[in-house]
Amino acid sequence: MFTKTKVTVSAPGKIHLLGEHAVVFGRPALVATVNLRITVSISSSLHPKLDPKSLENEIRKVIEPIIKKALKLKKIPPYELAITSQLPIGTGLGSSAAMSAAYITALLSFLKVKWDLNLINELAFEAEKIFHGNPSGADNSTIVFGGLIWYRKEANDLKLIQQIPFSIPQKLAKNFVLINSGKPKQNTKDMVTMVRNLYDKKPGLVNRFLDYQEKLVKELLQAVKNADEEEIIRIIKEGEKNLEKIGVASKFAQRIIRKIEAIGGAAKICGAGASDGPTGVLLCYHPNPLVIQNIAQSSSLEYFKTNLGVEGLRKES
Ligand code: PMV
């Protein structure tokens, strides 16, 4: 007799408070989950529907080989896959890592394989390599473990993933707004390769970027802990200017960011960015977040008020 089983898993997105790109070169990043989740459901089905052009099918082609290899399986029983997302896809909020982590967890649960967060994180990293070429592992680690994460890749097989033992103080948390500047034309792989090529051509310039970003990330952790608003604004501004030096913040993004700075706030690109046109989500801070919402509205851009540092990967049913 056919008994139907259904497993549902959700995973949050993430935002780089600071440290993107530098983290690929082994420098620290401070990354927080965002309260926009991707939900993946798997149900047993004798005749699953498969739309070859769907997002589900694209991701299935990446995840199934990883699971088969890890579990030494030849075949996976047929199942129906459904993905829903509150996260805009491909805009620097870690949608690929969230989707991979939630899908892997759902599939392992469906196959009745015992898993823990470390295993999911390892397998999600394998998927990130396929999506992004040479990822740091910060996105999947933050999304899986949740909260506020200090991440540093010390070597290929040694990664420091430290959950920060405090959350972003409410006084600061309420003033962050995310503006979606639009889906970048370049993807994370393109941008990481671009910065690697820049490093090969101008190692001095990139090393200066790396040293300064590391200093700022360390200062940011203290500023968050102390709920020091002036410091937060200074560090986000400086971090953004530094990202501009390596060409990952387009003129289009810079124009929006300068408007926010001009009224006493700060903003930065998040994640891979882009050298031209929209750069995905911008992390914006202002003591009165309404003024950021006004800037977004007047530029007809989508914005989100979202909690930062929320729970990571979660089995829903
Ligand atoms: O844009 P996203 O969400 O894929 O973030 C990329 C962050 C980088 O530091 C640029 C790459 C990485 O692997 O950490």
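As the structure lists them, so they are numbered: ligands from 1, and atoms in each ligand from 1.
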Of the protein's non-hydrogen atoms, which lies at the shortest distance from [atom], and what is that distance?
| atom | result |
| --- | --- |
| atom 11 (C) of ligand 1 | Val24 CG2, 3.7 Å |
| atom 4 (O) of ligand 1 | Thr188 OG1, 2.7 Å |
| atom 3 (O) of ligand 1 | Lys14 NZ, 2.9 Å |
| atom 1 (O) of ligand 1 | Ala272 N, 2.9 Å |
| atom 8 (C) of ligand 1 | His21 N, 3.9 Å |

Looking at [X], which atoms of ligand 1 are within less than 4.0 Å of one of its heavy atoms?
| X | result |
| --- | --- |
| Val23 | 9 (O), 14 (O) |
| Pro135 | 13 (O) |
| Gly94 | 3 (O) |

Less than 4.0 Å is my threshold; does some heavy atom of His16 fall inside it relative to ligand 1? yes

Checking heavy atoms under 4.0 Å, the part of Ala138 that sits near ligand 1 is neither

Quick one: does ligand 1 sit under 4.0 Å from the side chain of Glu128, the backbone, both or neither, non-hydrogen atoms only? neither

List the steps and the verdict of side-chain hydrogen bond (donor to acceptor under 3.5 Å, both in side chains) for Ser141 and Asn121. CA-CA 6 Å; Ser141 302; Asn121 195 33; 3.3 Å; yes

With Gln86, which residues qualify under side-chain hydrogen bond (donor to acceptor under 3.5 Å, both in side chains), at least two apart? none

May I ask you to check if ligand 1 and Ser136 share an N or O to N or O distance below 3.5 Å? yes

Any nitrogen or oxygen of Glu20, side chain or backbone, less than 3.5 Å from one on ligand 1? no

Do we get Arg27 above Phe209's six-membered ring, with its NZ or CZ under 6.0 Å from the centre and within 45° of the axis? no

From CD1 (Ile63) to CD1 (Ile66), nearest 0.5 Å: 5.0 Å

Taking atom CD of Glu214 and atom CG of Leu216, what is their separation to the nearest 0.5 Å? 10.5 Å

If every non-hydrogen atom of Ala249 is compared with every non-hydrogen atom of Glu240, which pair is closest and at what distance? CB-OE2, 3.5 Å

Crowded around Lys174 NZ? As in, over 12 foreign heavy atoms under 6.0 Å? yes

Check the angle between the aromatic planes of Tyr285 and Phe176 and answer parallel, tilted or perpendicular using the 30° and 60° thresholds. perpendicular

Sequence neighbours left out, what passes side-chain contact (heavy atoms from CB on, under 4.5 Å) with Thr193? Give chain and number order. Asn197

